[in-house]
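Bear in mind that the values here come from a model prediction, so they are computed numbers and not experimental data. By convention in this document, chain letters (A, B, ...) are assigned in the order of the sequence lines, proteins followed by strands, and residues within each chain are numbered from 1.
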Amino acid sequence: MRIECPHCGERDLREFTYRGHALALSRPSEGASAEEWDDFLHNRDNPAGATQDLWRHDPCGAWLVAERSTTTHQVRATRAVRGGEA
Amino acid sequence: MRYSGFRVFREGLRRNSGWQPLWRDPEPKPAYDIVIIGGGGHGLATAYYLASEHGLTNIAVLEKGYLGGGNVGRNTTIVRANYLLPGNSEFYSHSLKLWEGLEGALNFNVMHSQRGVLNLFHSDGQRDAAVRRGNAMINQGDDAILLDREGVREKVPFLDFDNHRFPVYGGLFHPRGGTARHDAVAWGFARGADMRGVDLIQNCEVTGIDIEGGLVRGVQTTRGAIRAGKVGIVVAGRSSQVAAMAGLRLPIESHVLQAFVTEGLKPCLDHVVTFGMGHFYISQSDKGGLVFGGDLDFYASYAARGNLPMAEHVMEAGMSLMPMIGQARVLRSWGGIMDMSPDGSPIIDRTPVEGLYLNCGWCYGGFKAVPGSGFAFAHLLAQDRPHETAARYRLDRFRTGSGLMDEEGTGSQHNLH
Ligand SMILES: Cc1cc2nc3c(=O)[nH]c(=O)nc-3n(C[C@H](O)[C@H](O)[C@H](O)COP(=O)(O)OP(=O)(O)OC[C@H]3O[C@@H](n4cnc5c(N)ncnc54)[C@H](O)[C@@H]3O)c2cc1C
Ligand SMILES: [Zn+2]
């Protein structure tokens, strides 16, 4: 698996740390209910096919969202996480 | 057909003309009392125990591929009862006892071999942790022996005892742990269920779950609709997709775990050895291949194959622990789809849909659980209350935070186990 870092170009999987589904970017707000937190922390769509997940490119420190297939491991596109998104 | 030494002798004289298929290949009936989705180890064991323990036989197991084609035929076959936490301890202890009587009960050779599992430790702190785990195992009624460095050397003299980073200090030995032949476990349970009247239906993918007024009515499949009084979902890595057919969103992420096997060698490794610090474990199959593996690849995947970085890591860990492994050639590698739960422990429970039951979250450790899980899930399906050994495997423990079973103490979150 090779992943394109928006800053450094296409790099080997070894340079990246996986941080799970990109829903980590949509944290519930402070006053959210226990149910919302439970859903956010534990429950997953867990798609077989197209997914969006969150990776860190360790050498440069950038966080990125990858559009990736969980059935073929193909990474179709990546984008840097924007400020304020997380 | 019952198997025996006499039968082998007789068939030998009759040019092996009398052997029969292990199970029938029936057409699905329009309706069953209970439909089990998934013909892996857990689904087949559930059907077997429903028939043998509860006398329920109007049952179908629906399998989208062939029996045993999932993780039950892809794992590294380690069977053990060396868990630490209440909940897991009693469950795996019970499962191991079922293993010990399994071949007699099934009249089938599953090649269960209690060759002992040896968990190595490499520091004083790890020794303390091993003592604590060993005491938990003994309190549960299972066996554990603390070995010092020389004790380990007697069993596996070829380890690199003086590795600079992880010198071997000793090991926790679990004599009743070991391995079994994975395919034979699937086949044995399948045959046992079929003999008692259960319909095993292959090439039958469940595509929908019929629910009316909050009550399960049956399933839609690639071989037509099948009505059912109760439905059990036992599909391991595919749990999220099948549960979604009933509108459920599960606390499960599917990940890939790889394994490797070398060419066949003469017997050289008598036990299962685990090297936790290198995320590496190894045993030798009865065919002679060294079977070994490591950690998850650590990204969501349904590909049933992994990537090279983890393969490389596993090889490096193997070389650090057991330099002699470098002389063997790797024959094959493969992967399986693991149903990872947030705390690393399984779920055997009812669902919010009446009549729909769920068995999942086995992570990378569900092979040893096959008999115990089938037994407990059959009990839940038949009696509508959990079996005492699996009463803590609740679906709502993540929401309530009560009764989490995080063996590794890393936190109840995805991507940590
Ligand atoms: C490489 C590797 C090593 C492992 N090592 C060990 C080990 O040493 N010890 C241990 O205890 N555990 C180990 N495990 C874990 C163990 O294999 C699994 O936890 C266990 O096999 C899962 O349960 P199962 O056998 O029922 O799953 P499976 O055999 O995967 O059964 C699920 C079945 O459901 C079917 N299915 C899915 N969707 C549908 C549908 N829509 N309709 C009909 N059928 C469907 C699938 O085709 C499949 O046959 C390992 C796993 C892997 C991959
Ligand atoms: Zn970068």
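Counting only residues at least two apart or in different chains, salt bridge (charged side-chain N to carboxylate O under 4.0 Å, His left out) contacts with residues 242-258 of chain B comprise A:D39-B:R249, A:R44-B:E253, A:D45-B:R249. Applying the side chain to side chain donor-acceptor pair (under 3.5 Å) test to residues at least two apart or on different chains, none of the pairs has a partner in residues 330-340 of chain B. For residues 299-308 of chain B, the set of pairs meeting the salt bridge (charged side-chain N to carboxylate O under 4.0 Å, His left out) definition, not counting sequence neighbours, is empty.
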### CA sep, side-chain torsions, deciding dist, call: B:E312, A:R14, side-chain contact (heavy atoms from CB on, under 4.5 Å)
CA-CA 11 Å; B:E312 202 174 77; A:R14 289 168 180 80; 2.8 Å; yes
- Task: Dump the intermediate steps for side-chain contact (heavy atoms from CB on, under 4.5 Å) on B:F398 and A:L41, then the final yes or no.
- Result: CA-CA 9 Å; B:F398 307 103; A:L41 284 171; over 6 Å; no
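Contact of A:D38 with chain B is made through the side chain alone, with heavy-atom distances under 4.5 Å. Of the atoms belonging to A:A34, not a single heavy atom falls under 4.5 Å from chain B.
Relative ring orientation between A:W55 and B:Y299 is described as tilted, the plane-to-plane angle lying within the 30° to 60° band.
For the set B:A300, B:A304, B:A243, the entry with the most heavy-atom pairs within less than 4.5 Å of chain A is B:A300.
Between B:S412 and A:H42, the shortest heavy-atom distance links the atoms O-NE2, 3.8 Å. What you find for B:Q241 and A:A48 is that their closest heavy atoms are NE2-N, 3.3 Å. Taking every heavy atom of both residues into account, A:T71 and B:Y302 meet most closely at CG2-CB, 4.0 Å. The minimum heavy-atom distance linking A:G20 with B:N415 is given by the pair CA-ND2, 3.4 Å.
In this structure, B:N307 contributes its side chain and A:M1 its backbone to a donor-acceptor pair below 3.5 Å.
Taking 4.5 Å as the heavy-atom cut-off, none of the residues of residues 402-409 of chain B approach chain A.
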